[in-house]
There are 2 protein chains.
Amino acid sequence: MPPSSPKATMHDVSRLAGVSKMTVSRVLADPDLVSESTRNKVMKAIEQLSYVPDRVAGSLSSRRTNFITAILPTLTNSNFADTAQGLAEAMRPADYQLLIGYTMYRLEEEERIIRAMLARRPDAIVVAGTTHTKAANEMMLRAGIPIVEIWDTPEHPIDHAVGFSNYEVGRAAALHLLGLGHRRIGALGSRMDSDAKDLRGESRLAGFTSVLREAGLSDELVIRAGEAPVSYDHGAVTLGILLERAPDVEAVFAVSDISAVGALMECHRRGIKVPDDLSLMGFGDFDIARQCVPAITTIRIDAERIGRKTGELLLQVLDRSPDTEHLPASAVNVGFDLVIRQTTATSKKRR
Amino acid sequence: MPPSSPKATMHDVSRLAGVSKMTVSRVLADPDLVSESTRNKVMKAIEQLSYVPDRVAGSLSSRRTNFITAILPTLTNSNFADTAQGLAEAMRPADYQLLIGYTMYRLEEEERIIRAMLARRPDAIVVAGTTHTKAANEMMLRAGIPIVEIWDTPEHPIDHAVGFSNYEVGRAAALHLLGLGHRRIGALGSRMDSDAKDLRGESRLAGFTSVLREAGLSDELVIRAGEAPVSYDHGAVTLGILLERAPDVEAVFAVSDISAVGALMECHRRGIKVPDDLSLMGFGDFDIARQCVPAITTIRIDAERIGRKTGELLLQVLDRSPDTEHLPASAVNVGFDLVIRQTTATSKKRR
DNA sequence: ATCAAGCATGTTATCGGTATCATTACAAGT
DNA sequence: ACTTGTAATGATACCGATAACATGCTTGAT
């Protein structure tokens, strides 16, 4: 560890510059309030002492930390990483710093993180998902700061929301496969009885199932196995389960492109031709879905945009001076797109 | 925004429990110091008031924030995300919170981030890379906190280091391709004359080139084009440039699997057979490299382990009581592995 | 009975800033 | 000349915790 010289404080700067602490503070916070000559003196003193302001003290005094807490399922999912980067990008001009936490798809972990984060007194909380533990909900409500739930459209939003309907995504997927003439249709998701569950993935499955039912089809081929987060392996394994249950399955929707890719590889291994023998689609529009051979049909959501929109929303909400009215809770739906590529095709039976 | 009830302070808790602030503080920080009966009283008061301690105030008072700054090129690279997650995982038991910043491969941005982060008074800094601006170097030196440079092996470490030699990675790649009998050997990297440059990628190219030279080969097929971070497109485009320059190229090393995948797809499109017509290898062992058809030969580094090792190192360094000697600066080399898959094969000319 | 040691708790003094109000000086309006 | 306004700066009082030291009370060894 390098040697530590005692750090200069604002007081040191003010003495060297021959002004009061308050003037130094003004030079840093709002230079226009200070005359040019004083400002120059202060700047020189700051330079000389290599003064770095202490935002910890500043935050305590001003009751604003400029921290934004972002709670995501995991960082190692490019979609969530995109959202985080989009959010950080949008907030940076206003000098906000992200406090990122990840839950590993566990609600208890989310609660733990929220509790820990609140002690840091963030100016706002962004949280992926709309389902939280009771305690988590209460803590966020009580925090008295803007809350933004992202990556889904909550029925009962805590405050603001930016996302899309996972349920509708599932419906769109099912409608696409039905529209191709398939009747034996399955889906691949993760288990819901474990600690780590993908609630948004489950919403997609629910929407998917609803369409199947409406079409008079059964939902027995909707497979739920393995823990979130899903993996290539998950796709391969669950496809195996599905094929055992229904060797004649014609079309499959995986709750994530990652699973879809794994399923596709499993098809390669088993000599199942995609899309001739089996239509396959995923969700997320991950890079790999586009690069696969054949390229995978998927549903695209603009993850980075969710982050950016959230950031823009927060800037509006946070910029308000304390006396103006609170901005009403808002819900932004960023939508999604069905991207038809090469892994889904018209049912042979129909041709 | 939900209504804000004025938050309870430690003082409120102490009054309700009929003890002093200090006792409340002790219950939270070191419960064993307090008798069971008092502890219970305090806990009940905390519960009743939904008290959430203010770590901003605590940090100011104790001069410890329990923040660790982590500076990475980007979050949207699964390798760096893995490192961040490994680091966070290792530090969590000790209740450290990561402050993540990303530089987009720009040194000036790194400097800006370091300056901003130091104002948050982190207890340590973790930074990817060993090359920094002069000002950044000085700031880190002066900060008086542990610094860990990761993802490379610095010649002149600021303090600690955890990584591997990118130069040696490049050499290993070149030796592998040479060992297969190839003589017309190229490489794909990014430009070094732009703001955003991948210095570690450049080290790999340098190591790669050094082997070519030693073998009496020229380095004219080492292509540098496009800005960091590289993309699938980058691989496709730079391979095009390379093929134009040398249609007879036999083997290619891409500084990233991402580029390698892009190059592989370009080969598909051009009808170039891999590895029969061209041997191709990448770096990073990204999931996609394994899942590709054919699976890509690559060099694996355990990114998550770099994060974990860094975390463990920091825990050691930070746990020392102030009076013990500083732990000497250390350098951990986590090494790398050559993973031979299906995109590299013996030169036909040699067969 | 005496006293040192130790446990449980309290008191006081910061930590390094910012909010708020006060003050000074000077220019402009009447 | 007298108020009034405004620009520039200063003085004071916190913000909500913890460090460090002080105190009172047991307890057990001698």
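All heavy atoms count here, side chains included; hydrogens, waters and symmetry mates do not. Not measured: the values here are computed from a predicted model. Letters go in sequence order (proteins before strands), and every chain restarts at 1.
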Enquirer: Do B:T74 and B:Y105 have side chains that approach each other closer than 4.5 Å (heavy atoms only, starting at C-beta)?
Expert: yes
Enquirer: List, with names and distances, any nitrogen or oxygen atoms from the protein found under 3.5 Å away from nitrogen or oxygen atoms belonging to nucleotides 21-27 of chain C.
Expert:
none

Enquirer: In terms of side-chain heavy atoms of B:M22, which of D:dT18, D:dT9, C:dG17 is nearest?
Expert: D:dT18
Enquirer: Nearest to the side chain of B:R63 - C:dG16, D:dG10, D:dA8?
Expert: C:dG16
Enquirer: Listed in order of residue number, which residues of residues 27-37 of chain B have a non-hydrogen atom at under 4.0 Å from DNA chain D?
Expert: none
Enquirer: Whole-Å distance between C:dG17 C1' and A:M10 CE?
Expert: 6 Å
Enquirer: Please classify the nucleic acid contact of B:S59 as base, sugar-phosphate, or nothing, using heavy-atom distances under 4.0 Å.
Expert: nothing
Enquirer: Less than 4.0 Å between a side-chain N and a carboxylate O, is that true for A:R112 and A:E108?
Expert: no
Enquirer: Within this structure, what is the NE2-to-C1' distance between B:H11 and C:dT11, rounded to whole angstrom?
Expert: 13 Å
Enquirer: Side-chain contact test, heavy atoms from C-beta onward, threshold under 4.5 Å: evaluate it for A:L313 versus A:S330 and give yes or no.
Expert: yes
Enquirer: Using the salt bridge (Lys or Arg N to Asp or Glu O under 4.0 Å) rule, take B:E89 and B:R92 through it: C-alpha gap first, then chi angles, then the decisive distance, then the call.
Expert: CA-CA 5 Å; B:E89 210 63 53; B:R92 190 170 49 173; 2.5 Å; yes
Enquirer: Is there a donor N/O on one and an acceptor N/O on the other, under 3.5 Å, for the side chain of A:K21 and the base of D:dG10?
Expert: no
Enquirer: Using whole Å, what does the distance between atom C1' of nucleotide C:dG17 and atom CG of B:D54 come to?
Expert: 14 Å
Enquirer: Please state how far atom CG in A:L60 lies from atom C1' in D:dC14, giving the value in whole angstrom units.
Expert: 9 Å
Enquirer: Does B:R55 count as lying over the ring of B:F67, i.e. NZ or CZ under 6.0 Å from the six-ring centre, within 45 degrees of the axis?
Expert: no
Enquirer: Without decimals, in angstroms, what is the distance between A:L118 CG and D:dA17 C1'?
Expert: 17 Å
Enquirer: Which part of the nucleic acid, if any, lies within contact of A:V19, taking any heavy atom under 4.0 Å across all strands shown: a base, the sugar-phosphate backbone alone, or nothing?
Expert: sugar-phosphate
Enquirer: Could you check how far CZ of B:R55 sits from C1' of C:dC15, rounded to whole Å?
Expert: 16 Å
Enquirer: So, OP1 or OP2 of C:dG16: does either fall under 4.0 Å of a side-chain N or O from A:Y51?
Expert: no
Enquirer: Under a 3.5 Å distance rule, please check whether B:N66 uses its side chain to pair with a backbone N or O of B:D95 as donor and acceptor.
Expert: yes
Enquirer: From the list C:dT18, D:dA19, C:dG10, which nucleotide is the closest neighbour of the side chain of B:S62?
Expert: D:dA19
Enquirer: Using whole Å, report how far CG of A:D12 lies from P of C:dC15.
Expert: 11 Å
Enquirer: Can B:T133 and B:E111 be counted as having a side-chain donor-acceptor contact under 3.5 angstrom?
Expert: yes
Enquirer: Please confirm whether the backbone N or O of B:M104 pairs with a side-chain atom of B:E110, one donor and one acceptor, at under 3.5 Å?
Expert: no
Enquirer: Quick one: label B:T9 by what it contacts on the DNA or RNA (base, sugar-phosphate, nothing), any heavy atom closer than 4.0 Å.
Expert: sugar-phosphate
Enquirer: How many Å lie between CZ on B:R64 and C1' on D:dA19, as a whole number?
Expert: 14 Å
Enquirer: Hey, does the side chain of A:T65 reach the backbone of A:R121 with a donor-acceptor pair shorter than 3.5 angstrom?
Expert: yes
Enquirer: What I want to check is whether an N or O donor and acceptor connect the side chain of A:S61 with the base of C:dG17 at under 3.5 Å.
Expert: yes
Enquirer: So, A:E109 versus A:T103: side-chain donor-acceptor pair below 3.5 Å or not?
Expert: no
Enquirer: Between C:dT11, C:dA8, D:dG10, which one does the side chain of A:S20 approach most closely?
Expert: D:dG10
